[in-house]
2 protein chains.
Amino acid sequence: MPKRVGLRDIAEALNVSITTVSRALNDKFDINPETKKVILEKAEELNYRPNAFAVSLRKNEYNTIGVILPTIDHYFFSTVLKGIMNKAHNSNYLVLIGESGHQTDKEQQIMDQFINHCVTGVIISTTVGSEVKDTLEPLRRRRIPFIQVDRPAGDKDDPYVRYDDEKGAFLATEHLIDRGFKKIALIKGPDICNISNARLSGYQLAMEKYNLPFDPRFVKSGNNIDFAENGYHLARQVLLAKNRPDAIFTITDELATGVYRAAKELNLRIPDDLGIVGYSNSKISTHLSPPLTTVEQPGEEMGEQAFDFLQQSIIGNASDLSKTFDARLIIRDSSLKSIQILNSIATNG
Amino acid sequence: MPKRVGLRDIAEALNVSITTVSRALNDKFDINPETKKVILEKAEELNYRPNAFAVSLRKNEYNTIGVILPTIDHYFFSTVLKGIMNKAHNSNYLVLIGESGHQTDKEQQIMDQFINHCVTGVIISTTVGSEVKDTLEPLRRRRIPFIQVDRPAGDKDDPYVRYDDEKGAFLATEHLIDRGFKKIALIKGPDICNISNARLSGYQLAMEKYNLPFDPRFVKSGNNIDFAENGYHLARQVLLAKNRPDAIFTITDELATGVYRAAKELNLRIPDDLGIVGYSNSKISTHLSPPLTTVEQPGEEMGEQAFDFLQQSIIGNASDLSKTFDARLIIRDSSLKSIQILNSIATNG
DNA sequence: AAAAAAACCGTAAACGATTACGAAAAGCAG
DNA sequence: CTGCTTTTCGTAATCGTTTACGGTTTTTTT
């Protein structure tokens, strides 16, 4: 491995001091234009690049942000990351990234690594686990700014960028009710997952508002909400019971795809026999047949917003750095019961 | 912002030298266990973390790898990244990542940033553009090891991890022929995309092998191969012509989803009226109806392999560091023409 | 008890850059 | 030609570590 060329190499080659070389390369004023020209040429010739480690150390400016996500090969999170990186690149920040794999200990390990690397700020989507306090503690202690994404888990005043999950679920449920569905089941995640809970809550609110009974047998919980297989099994459970629902709201699009399969197997037409609404507007949703009605979740925007907030926080802007993105429903065919059926219900009801 | 606590702070608090503190923290031998204990306690109390920038600078060991991908919110690339990060984390490497967005200049910008940050190695999936030579040149000049993923663009002896695209396309086409399809169309990408070309070539080989005519009108090129809409339009073009194909092979699953939509609109049953095979085994493929026959592309494995090779290259192992993953077809229903039809063809033919 | 060895710790020089400070040289006014 | 300013450049300290080296002090050996 050839040694990196440094200021010293340029200096020695030209018989000037390191200081002078530094001055030339950094556009300082007190330098002879003549000398500067020669130095710049030499630097170009030797392909000199400043050692960012040395520069950062000396200037005490480490333009680095860390991003910790539970998983990276997941459409929502990868778009969040994309949003962060777009902005970060423009602001000349370096992006370190870590994947916690939903494991709190790994999350903390990564955080440790980040702190060693003097990150100026952190964007994190915390694990569903409980010891989140310990994850954020090292940041707080060192006053390292951080923004939580999607899963605020810290104190109420910790800045975050999230989505109005409750309202999203409310809109989804309300929409189903609107279209004439009455027995709406919910397929959700584990009880410790606060996102799942928020969506459950939105579902309940809508049911209450329209005086529909809340039937616990219509609420099924799965472990992995990103796994279509789970949606399939839970859908079967609820569809094979004697009092089967006429619509299912799943808290992710992946679960919904499982429901599609179950419905097909049981010869239930979508949406006439079974209305379906998903959540996240992932790529799959447009490609299902019929296309899936779902709740929008603008990952890229959220990522960009998170970075903006982080930057504000870094430069010491103390204003409110939290934002809840408003929920929006994307209506497609999976929830649009055909007019005839809708009418017959209307006349019969 | 509170100053970071450094060795000096611990040293001053205990009235020992910085050297001694360093020794204690780094498990050196020549230190009194008693002193060591006190120092460790103090370090813990002050929440000391070594400044990785200083350590790297001094030891001249920058355990950092850079990853450059054309895009990050794409299933294949995000799984590649996942594979890289798994391995990298275990080997205590820091991962810098950059998204080129298919733009060569941005790619080079990122490369510059990486070099400033003294990356020990780079994993890159180059842009389809032409000036790739300039992208890799800075690495070569500095003897920084690199591994190309998926899109080898440099010299023949540059290490790479790729997939046998030609064979994949061959298998896909051969399979369609095997199942009784004769008029097989291809939906591909732009001519400058070497991946697209490799798959085209595989398609041609299969057609030749089985003495099927190569009809240029059956080959349609789109710009964005990750965009289902493109597949839809190209499929319409080819399906509405007077001599329509009985099967379509698309070089990505996304294009295939567009074909599904076109087929549905034209009341063509899949696979009886139209066989379809995609490429990449992305999540969507299992959820289409019927499930899509596709060519496997094991992103995570490829990412892990790339990291392994990179590490070999870093430690100076000069052996052959390139691998072409063998192609494998995943057969699902979209290409399985029902037996009756297959028989009737057999008897009539 | 003297010599040798071992144990423990501090001084100072690196790593590659930036920057405060001062010195030499050159220009200019009188 | 003297004294002052300006231009140009080098010396040395610094960022936070690691580490070669040397110096004490203590222990072991003979």
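We name chains A, B, ... by the order of the sequence lines, and we start the count at 1 in each one.
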Specify the separation, in whole Å, of atom [atom1] of [X] and atom [atom2] of [N].
X: Asn26(A); N: dA17(C); atom1: CG; atom2: P; result: 10 Å
X: Asn60(B); N: dT17(D); atom1: CG; atom2: C1'; result: 13 Å
X: Leu14(A); N: dG10(D); atom1: CG; atom2: C1'; result: 15 Å
X: Leu7(A); N: dC15(C); atom1: CG; atom2: C1'; result: 13 Å
X: Glu61(A); N: dT19(C); atom1: CD; atom2: P; result: 9 Å
X: His117(A); N: dT17(D); atom1: NE2; atom2: P; result: 13 Å
X: Phe53(B); N: dG16(D); atom1: CZ; atom2: P; result: 13 Å
X: Arg8(B); N: dT17(D); atom1: CZ; atom2: C1'; result: 12 Å

Give me each pair satisfying salt bridge (charged side-chain N to carboxylate O under 4.0 Å, His left out) with a member in residues 305-317 of chain B, each pair once, sequence neighbours excluded.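 Pairs touching residues 305-317 of chain B that pass the test: Lys87(B)-Asp308(B).
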
So which nucleotide from dT17(D), dC15(C), dA17(C) ends up closest to the side chain of Leu57(B)?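 Of all the options, the side chain of Leu57(B) is nearest to dC15(C).
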
Under-4.0 Å side-chain N/O to phosphate OP1/OP2 contact, [X] with [N]:
X: Lys3(A); N: dG16(C); value: yes
X: Lys59(B); N: dC15(C); value: no
X: Tyr62(A); N: dG16(D); value: no

Going by salt bridge (charged side-chain N to carboxylate O under 4.0 Å, His left out), name the residues that satisfy it together with Asp150(A), two or more places apart in sequence or in a different chain.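 Asp150(A) satisfies salt bridge (charged side-chain N to carboxylate O under 4.0 Å, His left out) with no other residue.
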
Pairs flagged by ring pair (Phe, Tyr, Trp, His ring centres under 6.0 Å) wherever residues 5-24 of chain B is involved - sequence neighbours left out: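 Matches after skipping sequence neighbours: none remain.
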
Does one side chain, of [X] or [Y], offer a donor that lies under 3.5 Å from an acceptor on the other?
X: Lys82(B); Y: Thr71(A); answer: yes
X: Tyr75(B); Y: Asp226(B); answer: no
X: Gln311(A); Y: Asn317(A); answer: no
X: Ser17(B); Y: Thr20(B); answer: yes

Run the side-chain donor-acceptor check on residues 110-118 of chain A: report pairs under 3.5 Å with partners two or more places apart or on a different chain.
residue	atom	partner	partner atom	Å
Asp112(A)	OD1	Arg49(B)	NH1	3.0
Asp112(A)	OD2	Arg49(B)	NH1	2.7

Kindly give the atom pairs (protein nitrogen or oxygen, nucleotide nitrogen or oxygen) under 3.5 Å for nucleotides 26-29 of chain D.
none

Protein heavy-atom contacts under 4.0 Å, written 5' to 3' over nucleotides 8-14 of chain C as B (base), S (sugar-phosphate only) or - (none), form the string BBBBBBB

Can a salt bridge be assigned to the pair Lys37(A) and Glu34(A) using a cut-off of 4.0 Å between side-chain N and carboxylate O?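 No, Lys37(A) and Glu34(A) are not salt-bridged.
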
